[in-house]
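Written below as structure tokens is the structure these notes are about.
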Amino acid sequence: MPELRFEMPSNLPELAECLAGAGDDTRLLGGGTDLLLQLPALRFQGTTLIDLSGMRELSEMRFEKDVLEIGANVTYARIAQDPFIRSRIPCLAAMAARIGSPQIRNCACLPGNLVNASPGGDAIGTILALDARVRLLNGAGAIRECAIDELVLGIGKTSLSRNEAIIGVRIPIPASPWNAYGKIGLTPRREVIIANVSLTMVFEITEPDRRIRAARMVLGSTSPRAHRVSSAEALCVDQVPSSELAREVAEALKRDVAGTIGANPAFQHKLNDVRGLALDLFHELFALEL
Amino acid sequence: MRLDFTLNGAVLSLDIDPGLRLIDLLRDVLDMTGTKEGCGEGECGACTIILDGVAVDSCMVMAMQVRGREVLTVEGLEQKGELDELQRAFIDSGAIQCGYCTPGMLMSAKALLMRTPEPTEHEIRSAMAGNLCRCTGYLKIIQAVQKASQMQSAHHA
Amino acid sequence: MPAAGLKYIGKSIPIHDVREKATGALRYAGDLKLHGVLHAKLVLSEIAHGRVKHLDLEQALAVPGVVGIYTYRDAPDHPYNSHQWLEGMEVQKDELIFTDHVRFHGDRIAAVVAETREASERAARLVHVEYDELPAVIDPEAAGLLNATPIHASGNHIVHKRIACGDAESRMRDADLVIEDRIETPKVHHAAMETHGCIAEVDAQGTITVRTPCQVIFQVQLIVSQALGLPMDKVRVLKTTLGGSFGGKGQPILEPVAAFLALKVGKPVRLVLDRTETILSTRTRTKAIGRVRTGVDRKGRIVAREIHMLVDTGAYCTNGEVIPMAMGKKSFRLYQIQDQIFEADVVYTNTPVAGACRGYGSPQICAVTEINLDHAARALGMDPVEFRMRNLVHPYNADPAGGPSIGNARIRDCVTKGSDLFQWREKSARPKGGGRIARGIGMACCTHGNGYYGGFPDFITVDLRLTPDGAVVIKGAFHDLGCGTVMTMMQIAAEVLDLDPSSILIPDADTLVCPFDSAGTQASRVTYVCGGAVHQAAGELKRKLLESAATLLAEPISGLRLEQGYVIGSSGRASYQEIAQYAQRQLRSDLCVNLLYQSPGNPASYGAHFAEVEVDRITGRVRVLDYVAVHDVGQAINTGFVEGQIQGSVQMGLGMALMEELTFDARGRVTSSRFSRYTVPNAPEMPNVRVALIEEGEESGPFGAKSIGEIATVPVAPAIINAINDALGTRISVMPATPERIVAAIQDV
């Protein structure tokens, strides 16, 4: 009768060693909040779990001059509470503050969301909007970096090989804090929800004319993987934020969602949610009456 | 597998099946059934315990992951026969009906007060958002947390 | 606060087992560790309708630790109806322990018994079931049409019911306006935090003991004995602490299964469900589709009403024949409507089984009629409160359908007090908000019963005894679901006997120990009927106490009074302890009472709820901002419990109004079988609920008390829906009012 095996590397060389021996039935255990849902099956299959939780070096957040590196063991709660992230990358703090429940945020970490590659994975969209890169360690002990859209390929599909593990995420720190995140639930509740639509907006804005130089807008939960909406982004370039712009962007995002969901009746309410959410974020960022 | 950790202040060293979740270790192996299971997917919070000072769902943590760490369960709230202020406040406020969510509620509230001794009502509601109760409508629970916070402030003043 | 002149009645005392609950020391069924216990895991149908063609147990039996796998081939063929609580009741017996004709996603096919929980789970996953799938009936409106694939041999239509008074048809023709609606209420999961579970064991004499969180021990005994074909005295039932029920644990579901397995293996068997199994395979609130026509005149008087309820009882009948009557009776006891017809049709569908759920049909009929009345008020251009005040019943009005007296019915006081507290007039004058966010207010009135009087036998026997150490022991089949039943009984006895409630002991219900009770914790009967029994029995005990004291103190009874555990006379006093000992030693007597108490009536309880909401016109998301609930409870025995019942009810009703619903895929499989997909309101969702009580006393109730636990859920959903409709000018008719439905309703305006 197969039994579950448990490996506990405490540093990168040990992790590399575990990865070198990883087979098809090996899974990485981070915060555990996704993986444990499958535990009965994992026990049954005699899975090997490589538990990252003992790796101190992955529990750090490092601020370099224009990059924030978040270790694989940093919980969402820590991201949400970090004063620097809250002031400079509010979209990241807001995303982290709305993942699951308080208890889940005290366990769960970014890599779980990324490797699960669920359309509803809240972190994927925000990481994409921030143009972050993922750091991966392989069984040979080599480290490579890749962009999030090179990692997440589709529903449940990633480019991660079985000998690789995410060890951190490198996020370029936006020049200005004009960014925001929001989500609306699949169910009507407001907190502790799975996203029906999530939206991250990252603006580059020049002072003092308050003009938008560049915008990145990413929708989550509306397509197999989170994606940028270039039509909405283009509307913003060289514009001053206004109620009119907000409405145009909301419509552009809605058109994008209409294109991705097609006629599936179960998804039609995303059209209303995305519009409301876009207006919410403009209101939050620019205090516009909408 | 060998597991060493601290449970309610006591250092334990056990030989366990690595396939166990923390809740299984507590309830099935250690017979500490104060911690309840209500959903098994981190939605109801009945299994909430405090791990290194923060509230987590014990159904979402592998037992082996608490090695070298400190676990506090509802059984550890009472100190030398004295109830914790939160327990007293829950009792006095009528915050306990069927009692099944109570251990988890207490642990979420405890973790909140450890970090934020004087939370606002909004902060209390958010901190308890991952704990479901079907009996009370939460209102007396929220009052109890406010009351415990006041009792603690008065105590420390 | 205790009521005037009373010491314990009205006081907010915590629930009797509060300390053990706060420390985690109290053990619920799933926490019990019986020596040598084996673990059972059910094999449930993965399809909504079909025949099991082949069951392959080979791999499952090979799992180490598996003791046995028992299927429909092994289980006894004694059909039963889990809703039956009295021997001889006429019911449709359509349930079996296991079945090969699976009728819903979650129907029981087999169970694995193993030495460990893990082995039972592993083996259950390895039971391979092959089905011949049959067409599934999910929509109750289509159930009658699909008799080509009957769910049961008798067909899919179970029964038609009718209650009528006056001549509604012709009076309807005289109406100035007739307002019609079709309103749908959902299949809802009770969501008690404790999932279902029980433990059964068999002793050397062949007696089965079942430990279970249940609402009616004698019903569990009856059903287990029927399902296994055993005499009732071979089944003993012990109630364990309930981690919530709300009706969900009212019908014995797992008890016959666990008892059967324990008999098979000859060892204790623990059967505890997980959340998904509880959602799928226990009970749900009955789904209903109501069609209502209300005729009104220009002055705002209701002249006639016709109601038809289509009742979806799911895959098995359970209480399907009774619940429409429970619905119907309420519609004659709230407003003065002399000409009214209520009709209902009950159908099977291939969906999870409906049963009792807090309010027992009342929340459904109330939603249908109260939403319709708001439409009527709107059509008349009349304020909904004013419109209701023109039609509500007065105390002691006769029930035109011939039901028992409604008693001191104080619904008008509830509405008046609630309107003031809520500031209805001020709020209704406010603009709705023309932008993205709309605001609205709504209210609803409700009524509910106090037991089975007028319908079913309603009596209880209780034993009270004053022990030689001065304590009182009350034996009766009380089942505290977490509402405070036990403390309520203690407070009643404490008041009569002037004794601190901590000196009163009420052991957990046990069929071997407790005298018989006809109906258990059902039908909102506990405070009124069981409390009435304790009140009367305590009075008897007091009389005996005084008689003995009179001899001991050598004084006439007329000069004696009770005070805090003492009988005080003019010349001296004696403690209850001394008197009880004196009675035993000198009088060769024991201070005990055995009392059979028959319910004296079935007065109506009433309530009025008021809600203020904010609705996002773009996303259809609703926030309940303010909430007032006023209830006519006669007299609160424990004010804190009453508030707790009302606040908890608002949470449950808010879920039914806005978010809770079992949903199905095209093949009838449940798609909301987990808490991440079936969301119930959490703390951030709850409005503050301001509670006020009308305590004008109900003569026949103990200290004037009437029911509260069920009725408080009844008007919540319509109050909220009416507020949404007020905000948006919509006619939302399907609950829950999800964001999708709200946006669709806005587009229909």
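Below, read A as the first sequence line, B as the second, and so on, with proteins coming before strands; counting in each chain starts at 1. Computed over heavy atoms, backbone and side chain alike; hydrogens, waters and symmetry mates excluded.
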Using distance alone, with no hydrogens and no angle criterion, decide if C:Thr276 and C:Arg674 have a side-chain donor and acceptor under 3.5 Å apart. no
Between C:Arg27 and C:Thr241, a side-chain donor and acceptor under 3.5 Å: no
Looking at C:Gly484, C:Gly640, C:Pro687, which makes the most heavy-atom pairs under 4.5 Å with chain B? C:Pro687
Taking only Lys NZ, Arg NE, NH1 and NH2, and the carboxylate oxygens of Asp or Glu, determine whether B:Lys140 and B:Asp92 approach each other closer than 4.0 Å. no
Thinking salt bridges, do B:Arg134 and C:Glu660 make one under a 4.0 Å N-O criterion? yes
Tell me, for [X] versus chain C, whether the close heavy atoms (under 4.5 Å) come from the side chain, the backbone, both or neither.
| X | result |
| --- | --- |
| B:Lys36 | side chain |
| B:Ile96 | both |
| B:Thr136 | backbone |
| B:Tyr138 | side chain |
| B:Ala46 | neither |
| B:Asp31 | both |

Determine the option with the most heavy-atom pairs under 4.5 angstrom with chain C, choosing from B:Gly137, B:Ser126, B:Gly34. B:Gly137
What part of [X] lies closer than 4.5 angstrom to a heavy atom of chain B: side chain, backbone, both or neither?
| X | value |
| --- | --- |
| C:Arg19 | both |
| C:Ile15 | side chain |
| C:Val689 | both |
| C:Leu26 | backbone |
| C:Ala191 | both |
| C:Phe246 | side chain |
| C:Asn688 | both |
| C:Val650 | neither |
| C:Gln645 | both |

Output yes when a side-chain donor or acceptor of C:Asp274 lies under 3.5 Å from a complementary backbone atom of C:Glu277, and no otherwise. yes
Donor-acceptor pair, distance only, cut-off 3.5 Å: does the side chain of B:Asp24 make one with the backbone of B:Arg21? yes
B:Arg67 atom CZ, neighbour heavy-atom count above 12 within 6.0 Å: yes
Suppose we call two aromatic rings close when their centres sit under 6.0 Å apart. Are C:Phe610 and C:Tyr627 close by that rule? no
